[in-house]
2 protein chains.
Amino acid sequence: MKNKVKGGQMLPLNSILGGDCVEVMNSLPENSVDLIFADPPYNLQLRGDLHRPDNSKVDAVDDAWDQFASFETYDRFTRDWLKAARRILKPNGAIWVIGSYHNIFRVGAALQNEGYWILNDVVWRKSNPMPNFRGKRFTNAHETMIWASKSEGAKYTFNYEALKSLNEGVQMRSDWVLPICNGGEREKDENGDKAHPTQKPQSLLHRILVGSTNPGDVVLDPFFGTGTTGAVAKMLGRDFIGIEREEAYRKVAEKRLSRIRKFDRETLEVSTSKRSEPRVPFGQLVERGMLRPGEELWSMNGRHKAKVRADGTLIGDDIKGSIHQVGAALEGAPSCNGWTYWCFKKDGQTIPIDLLRQQIRAEMI
Amino acid sequence: MKNKVKGGQMLPLNSILGGDCVEVMNSLPENSVDLIFADPPYNLQLRGDLHRPDNSKVDAVDDAWDQFASFETYDRFTRDWLKAARRILKPNGAIWVIGSYHNIFRVGAALQNEGYWILNDVVWRKSNPMPNFRGKRFTNAHETMIWASKSEGAKYTFNYEALKSLNEGVQMRSDWVLPICNGGEREKDENGDKAHPTQKPQSLLHRILVGSTNPGDVVLDPFFGTGTTGAVAKMLGRDFIGIEREEAYRKVAEKRLSRIRKFDRETLEVSTSKRSEPRVPFGQLVERGMLRPGEELWSMNGRHKAKVRADGTLIGDDIKGSIHQVGAALEGAPSCNGWTYWCFKKDGQTIPIDLLRQQIRAEMI
DNA sequence: CTCTCGTCTGAATCAACAG
DNA sequence: CCTGTTGATTCAGACGAGA
């Protein structure tokens, strides 16, 4: 454990503290921490069991630490830890909080009420989320993070150029596409099961710490879990303080951190994933008014036609379905690329719909 | 103006009402509206002017309607209109609210406090956002929408299959990539300037209305602006009610709506789920001689078999019951869809019994 | 070694209806 | 109201077995 003296009080750097996070934070000196990353309980309020269509059971987050009696209880909990966190934050420090729609609105309002100043909300768009198995809602494909300074007008840290580099030379946006934490990165317990139900990916913390701290800064995480914040902080040459109530999680985190080595500068380069051409649903052409419901499309060979429907399907003689399905059926073929098969007419000209897809792709870059 | 009588009170359909939205909503009959889409003031709290790198000035939202004295004032405003909105919503109705990090956390918390039940938060990811000119924060590239039912357990409308079709056959996620409203879609005032500072794109409303309303539903927008909600509702064969305080916006909206044409009926029909198809008792297959009592059925995986009985139940080894019960028992699963689980053999081929159900359904049309 | 195929899993407020 | 029955519903990616 490294220690820093701060106004006569010691700062327990690069260690994991047990106990209730509010009490522990209150025991630390005020104005002493550069960044706080917090992943508090989401208060999911799940009802019964959930099964996948193949009848396997979803391993839900039903841990005691996620149970709150009411919104009021949760709000009080939130207010308390945000207040304690704000006291130990340096005047130019900042906080990141992550949550889902179950809790993030209450957390955001509490942040504002406590005097924090919201700088951005950032959406973590999961590239591989769990689907909605009952077809009753949208796939829950994102979580929300709030980035806030200690107060309005504070000089927070923002490494604009570093983030721009991470983003292939263009300004980093408020939506980040990153995969969830699985595979070898996921910490396992002694039985080989996942050690923590909600472990966050290192890529997320990497971007946060590169963007809003400098080497040598102190990063505190009041809900440390298996220690992703500490692991990434250590790699990036930042100091961390973790607080975690559950001994089992602390043990996993200690072991994990002992394995982590600080990055050499060259390994700091993240591997950029190869970007394939984004998939454009045909329905978007309808939503965006490029094609009107009711408009007729013609097959490339001019032999067939079909009408566009409001949901992005086609209706022909006795056949309904996607552009691909209807094309295949009309041609009696096993499959058909609807994008190159169908054309629309404009000013007497026959134009393949693929041209519209290319327009959308051009906008997406 | 079309009118609907609702419990003795008139519903002013397809018209734009002037005045304060709370007062107007309170004058409407309770439980009368299917969907509310609301784009309330964001309470942006901008300080001073913003200039682009080329020194041109950004035309900011500095209208009087976006000024609130404090969070408390904004919260009271939010609570009031959410309460009024909830009263006029049908029990199985739903609401969509859009906002940014300035206001959405307060709106979301207020929704929960008023008894709405959040179904999803949906991120509108802008494909062409305005950059952050000062390089001090992330590009503000998204806005957040909250979708909520009137109360927990309500039977809200969700056109799962239609949305899936709009998304090239995979289920719609909670993050939507759509461009901002510009070009010819942007309404202009008599000077050729943008008529409203925060006009929403029609594509956004298209997806919302296709997904969470049916043709003939009543859609109310308490902050109507230049009438995007009304325009898309009209196109899609939904009725709308707009409320807008500012006469200038009402005039633009009236003109806009007069230009809109409704799509044809057949193109408005969207793909429906199997859930809406009529139930067919398995016993009917036996009664109609499609399966004979004593005939053997095989499980899809070929591992189990059972015999059909005259009353439409199955009998396997040590187990009797419905096609679902026997399937579940043999698989040791909590439940089983017997229609897709069991197959019969004909001419050496293995055919799922669901095919027979489809034949019966086809006759029922 | 490569490739294919089957299996497993992830912060989830996840059913409707008849009796 | 509650209870039991019917029956609708999944995407991306990692991993291991087997060819």
Side-chain angles (χ1 to χ4, degrees), chain A residues 39-63 65-68 71 98-104 124 126-144 177 179-186 193-194 196-201 223 225 273 279, chain B residues 112 116-121 147-149 151-156 158 160-161 164 167-174 272-277 279-283 301 312-313 321-325 327-328 333-342 353-354 357:
Chain A
D39 182 9
Y42 289 6
N43 188 22
L44 287 187
Q45 307 169 66
L46 303 176
R47 306 302 191 213
D49 288 345
L50 178 64
H51 293 88
R52 298 186 181 79
D54 66 3
N55 268 324
S56 61
K57 189 171 168 225
V58 174
D59 184 17
V61 178
D62 53 2
D63 306 73
W65 49 255
D66 198 44
Q67 309 295 326
F68 294 84
F71 282 137
I98 185 167
S100 68
Y101 67 84
H102 309 84
N103 70 325
I104 198 65
W124 169 27
K126 303 179 187 183
S127 56
N128 50 348
M130 185 167 71
N132 184 294
F133 295 116
R134 308 304 286 263
K136 298 304 294 178
R137 303 187 181 186
F138 299 97
T139 308
N140 227 311
H142 76 275
E143 293 187 23
T144 301
V177 181
I180 61 176
C181 178
N182 58 12
E185 191 187 318
R186 190 90 193 207
D193 298 324
K194 59 185 175 191
H196 192 284
T198 72
Q199 187 181 338
K200 295 295 175 287
F223 307 98
S273 58
R279 193 174 48 85
Chain B
Q112 293 178 313
Y116 291 94
W117 191 248
I118 297 182
L119 300 167
N120 275 116
D121 61 336
W147 175 42
S149 60
S151 55
E152 186 182 356
K155 291 197 191 74
Y156 53 91
F158 184 60
Y160 177 75
E161 290 293 339
K164 199 169 165 178
N167 198 33
E168 198 82 337
V170 293
Q171 70 178 205
M172 187 70 79
R173 300 169 38 120
S174 61
T272 53
S273 93
K274 278 190 201 164
R275 263 189 271 264
S276 56
E277 295 187 62
R279 285 191 177 208
V280 177
F282 174 72
N301 54 29
T313 56
S322 71
I323 51 173
H324 316 292
Q325 289 165 336
S335 71
C336 169
N337 183 346
W339 288 107
T340 51
Y341 180 76
W342 293 107
I353 59 172
D354 201 37
R357 181 170 66 160

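In what follows, every heavy atom counts, from backbone to side chain, and hydrogens, waters and symmetry copies are set aside. Chain A is the first sequence line, chain B the second, and so forth, proteins listed ahead of strands; every chain is numbered from 1.
Nearest nucleotide to the side chain of A:Asp59, out of D:dG7, C:dG10, C:dA12: C:dG10. In this structure, of C:dG10, D:dT9, C:dA12, it is C:dA12 that holds the atom nearest to the side chain of A:Leu46. Distances were taken from every side-chain heavy atom of A:Pro131 (C-beta onward) to each of D:dT10, C:dA11, D:dG13; the shortest belongs to D:dT10. Residue B:His324 has its side chain nearest to D:dG7 when only D:dG7, C:dC14, C:dA11 are considered. Taking the side chain of B:Arg279 as heavy atoms from C-beta on, and the options C:dC17, C:dA11, C:dG10, the nearest nucleotide is C:dC17. The side chain of A:Met130 has C:dA12 as its nearest neighbour among D:dG13, C:dA12, D:dA8. Of the candidate nucleotides C:dT9, D:dG13, D:dT5, D:dG13 has the atom nearest to the side chain of A:Ser127. Checking C:dA11, C:dC14, C:dG10 against the side-chain heavy atoms of A:Lys194 singles out C:dG10 as nearest.
Taking atom CZ of A:Phe133 as the reference point, atom P of C:dA15 lies 13 Å away to the nearest angstrom.
No contact: A:Pro201 has no heavy atom under 4.0 Å from any strand. As judged by a 4.0 angstrom heavy-atom cut-off over every strand, B:Glu152 is placed among residues making no nucleic acid contact. Heavy atoms of A:Asn182 sit under 4.0 angstrom from primed sugar atoms or phosphate atoms, though from no base atom. When heavy atoms are screened at a 4.0 angstrom cut-off, A:Pro179 is found touching no nucleic acid atom at all. Within the 4.0 angstrom heavy-atom criterion, no nucleotide atom of any strand lies near B:Ile323.
Put simply, the side chain of B:Asn120 gets close to the backbone of A:Phe138: a donor and an acceptor are under 3.5 Å apart. A donor-acceptor pair under 3.5 Å links the side-chain atoms of B:Ser174 to the main chain of A:Ala141, judged by distance alone.
Aromatic rings from B:Trp147 and B:Phe158 are positioned such that their centres are separated by under 6.0 Å. Ring to ring, B:Tyr156 and B:Trp117 are not that close: their centroids are 6.0 angstrom or more apart.
Sequence order on DNA chain D of the closest nucleotides to B:Arg173 and B:Ser322 puts B:Ser322 first from the 5' end.
Remark: B:Gln171 is not in phosphate contact with D:dT9, judged by side-chain N or O atoms under 4.0 Å from OP1 or OP2. Between A:Asn128 and the phosphate of D:dC11, there is no side-chain N or O to OP1/OP2 separation shorter than 4.0 Å.
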